[in-house]
Amino acid sequence: MNWINGMWAEMVKSHQHNFHSKMIYLSLFFWPVLLFITSYFALKPFDLGSTSPIAEFFDPDDLMLFLLTGYLGYIFFWSLVQSAWQTSYERQTGTLELIFLTPVSRLAFVYGRAAGNLFEAVWLFSVFTVLMLVIVGGMQSIVWSALPLAFVILIVSAVIWGGFLNVVFLFSRDASFLFTILEEPMEFFAGIRLPVAAFPVWGKVIAYIFPLTFVLEMIRGLVVEGKSFTELLSPFAWLVGILSLLFLLTIILLNKAEKNAKETGNMVLF
Amino acid sequence: MLEAKAITKTYTVKQKQGWFKREKQQVHAVKGIDLTIEPGEIVGLLGLNGAGKTTTIKMLSTLLSPSSGTITIDGHDAVQDARYLKQMVNMIAGGERMLYFRLTGKENLAFFGRLYGLNGKELTARVNALIKLVELEDAQDLPVERYSKGMKQRLQIARGLLNQPHYLFLDEPTLGLDAPIAKQLRSIVKDLAMEQNKGVLLTSHYLEEVEELCDRVYIIDKGTVMMHDTPANIINTVVLDYRVIVTTAHLNETFKHDIIKTASTKQLSIEFYDTGDGTVWEVTASFDPTQVFLDIIMTHHQPIFKLEMKMPKLEDAILQLAKERSA
C-alpha cells in the first residue's frame, strides 16, 4: 500500500508541477510530430524503390509506418531522459532532500516519477500515432489486436528505463552529460529512422545497448509485420535481460546513492 | 528520549590544485557532541556560522549518517532503523526553499502527506487541520509562488507536522520573518512542546527567541559543545556584568567621590557622566546590584529622575563566550 501511495504521490505531483499548462501539452505534441515529419521528408529525396539498399531490410512502402512506430518508441524513452534531467530542479529547491526525509519507498519514488512523466508526455503523440496508423496503414495493414500488447511492452520498458535514469541523476548532480549522450545516439542507433540490421557490426553493438532497439523490434514485428509473439521470442528475451539488468542496477545504485548522500551530504549540492 | 552520544561528522572535500589535480581534505564538521531531547522539551542549539548546527540537525533527522558515535530515538538506532525513525522525526528549515512553487499549499501538503503513507480521508483531514493550524485557509488553493515569505514558512511548519513527529528539528525557522509572524510561529512551537509533548530542537540566530522558548541550550563551536545548561544558568555563569543606569540631579565632584568610595566597599563600580538632564550614574557589578545601589542612593537622599536596568541576556553570554574563545 505504501508503495502504491508513494508512486501515486509522485505521479500526481509530476502532473501538477510539470504539466500545468496547455502549452506544455501542445509542445509535447508538436515536437515529436515535427521530428517525425522532418525525418520522413529527409528520407523522401532518396531512392526508396524496390532496388534501393534499404529495401533489403524493410518494404520502402512502409516507410511511414516504420517511422511512426520508431518515433512513438523514441518519444516514450526520450520523455524519461527529460524527466530525469529535472531531478536537478529538485536538488536546487531542496525538495529532493525532503523526499528522502520521508520513509517512502525509494523505488516507488523513482518509478512513480518515471510513470507520471511518461503518461503525461506521450499520450497526445500516442493518439496521433494511432490515428496516423489508421490513415497511412489502413485498417488492414495493422494488426490491431497486437496493439495493446505492444503498448504494454513499450510502457513497462520505458518505465524501467526511466527509473534507472532517475537514479543516475539522484546519484550525481553532473549526470546531465547523459542528456547529450543519449539524445542523438539513441535516435540514430535504436532503429528509429533506419533499421538496425542495416548498420555495420559496431553500429549494431551500440544499438543493442539501448532497450529501445528491442522494444521497436517487438512493436514493429507485432503491429506492422503481423508476427506472432513466439516468432519474436529472441528480441523479447534480450529485452527482458536488459530490463532485468537495468532493474538490478536501479536497486543497487539507489541504495548507493542514498548511502553516498548520507555520507557526503551531496543531495543539497547543485 | 532522543540521545546523541559522541557523534562526529567528517566530510572529505576535494580542493583544486591547478587544472587537473585535486587534493582530498578532511573537514571535521562535528567533533563529538553529546545531546539529549526529552519529549515536551524545547532545546536550543546555538553557535556561530559553521559551528556544526545544521550538520547536527541533519544527523539527528537521519539525513546524514554520523562518522562515529550513536543516535538513539526512543530506543531505536538512527542508522540501523533510519526508515522506521523517519516516521517519528521531521525537520523544518528557514528560508523560501523546500516547497514546490507551482503547486498550491494544499497540493504541497498532500504530496508530502502521501509520502508518509497517508491517503484518502485521513490525508484530507490531516492537511485541512494543519492548514487551519498555520492559518492558511484563505491561501490554501493559491500556488506557493504567490505566497509571502511568512506564508511559505507557515506552510513549512505544516509540512513538518504531517507525520505527527515525536521530535521536530527547526533550523532557523523564523529567518527573515517580520516580528508578528515570527511571534506567531514561536507560539506554535511552544504549543507543540507543551500541549502535544513533542521534543523540539531549535537553532536560531535570534537569541531572544531561544531565550524565550528553550528549556535548555547547547552552545557549540567548531563542532564541539562549549556549554550546556538552562538559558538562565548560562547567563549567570558566563556574563559577569550587570549594569544599572540612573539619572539624578547634578552632583558636585566631592559628593561623587564620596559615593564612589562607598560603592567600592560593596563591590560596585560607579562612573558618572554629566548631561543636560543631570548626572548619569552607570553602575556595574558581577551580581545584580539593584538593591545595594538603591540603598546608596537613599542614604544620600538623591531623587531618581530615570532608572534603567540592563539585565544580561543570552546574547551577552554568546558574545562573551565568542570573545573568550577568540582570545
Side-chain angles (χ1 to χ4, degrees), chain A residues 1-21 23-24 86-110 112-113 116 120 174 254-270, chain B residues 9-14 27 29 54-55 58-59 61-67 78-79 81-93 95-104 106-108 110-120 122-123 143-145 156 159-160 162-163 165 169:
Chain A
M1 193 63 193
N2 202 16
W3 223 85
I4 296 168
N5 229 21
M7 266 191 97
W8 182 241
E10 192 54 38
M11 288 170 80
V12 172
K13 184 204 76 188
S14 294
H15 166 71
Q16 291 164 337
H17 192 265
N18 302 339
F19 302 92
H20 48 87
S21 144
M23 291 305 289
I24 288 170
Q86 286 175 351
T87 306
S88 56
Y89 170 84
E90 300 253 13
R91 274 179 191 278
Q92 286 167 24
T93 55
T95 45
L96 189 62
E97 191 175 48
L98 283 186
I99 291 168
F100 277 80
L101 182 65
T102 72
V104 71
S105 156
R106 277 50 176 150
L107 265 184
F109 162 66
V110 293
R113 189 176 177 84
E120 298 275 359
D174 299 320
L254 191 54
N255 287 332
K256 275 191 177 294
E258 190 169 5
K259 197 174 169 218
N260 184 50
K262 281 185 171 192
E263 277 167 18
T264 61
N266 71 354
M267 209 161 266
V268 286
L269 303 179
F270 49 87
Chain B
K9 184 70 195 172
T10 304
Y11 295 111
T12 304
V13 292
K14 288 177 188 165
V27 176
T54 301
T55 301
K58 286 192 176 178
M59 284 194 281
S61 58
T62 72
L63 282 171
L64 284 177
S65 49
S67 304
V79 177
D81 303 332
R83 198 64 71 83
Y84 170 78
L85 288 177
K86 283 174 192 290
Q87 280 288 6
M88 296 171 65
V89 300
N90 213 323
M91 182 189 75
I92 297 164
E96 297 191 61
R97 295 166 70 238
M98 296 189 154
L99 290 166
Y100 293 99
F101 278 30
R102 281 182 174 160
L103 269 62
T104 66
K106 205 172 185 175
E107 287 168 349
N108 265 283
F111 168 67
F112 287 109
R114 286 190 189 102
L115 297 187
Y116 281 105
L118 299 171
N119 54 31
E122 192 187 10
L123 176 68
V144 168
E145 60 196 358
Q156 282 280 18
R159 184 205 50 74
L162 272 166
N163 59 328
F169 311 119

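Please read these numbers as outputs of a predicted model, since none were measured by experiment. Sequence lines set the chain letters: A, B, ... in the order given, protein chains first and strands last, and positions in each chain run from 1.
If you measure heavy-atom distances from B:L118 to chain A, the contacts under 4.5 Å come from the backbone alone. The part of B:Y11 that comes within reach of chain A is its side chain, from C-beta onward, which places non-hydrogen atoms under 4.5 angstrom from that chain. Using a 4.5 Å cut-off between heavy atoms, B:L162 makes no contact with chain A at all.
The aromatic rings of A:H17 and A:Y89 sit tilted relative to each other, their planes meeting at an angle between 30° and 60°.
Scanning both residues, A:P103 and B:Q87, for their nearest heavy atoms gives CG-NE2, 3.5 Å.
Using modelled atom types, no side-chain atom of B:E107 and backbone atom of B:R102 make a donor-acceptor pair closer than 3.5 Å.
Contact count against chain A (heavy-atom pairs under 4.5 Å) is highest for B:L63 among B:L99, B:L63, B:N108, B:T55.
Looking at heavy atoms from C-beta onward, A:E10 lies out of side-chain contact with B:R114 at the 4.5 angstrom threshold.
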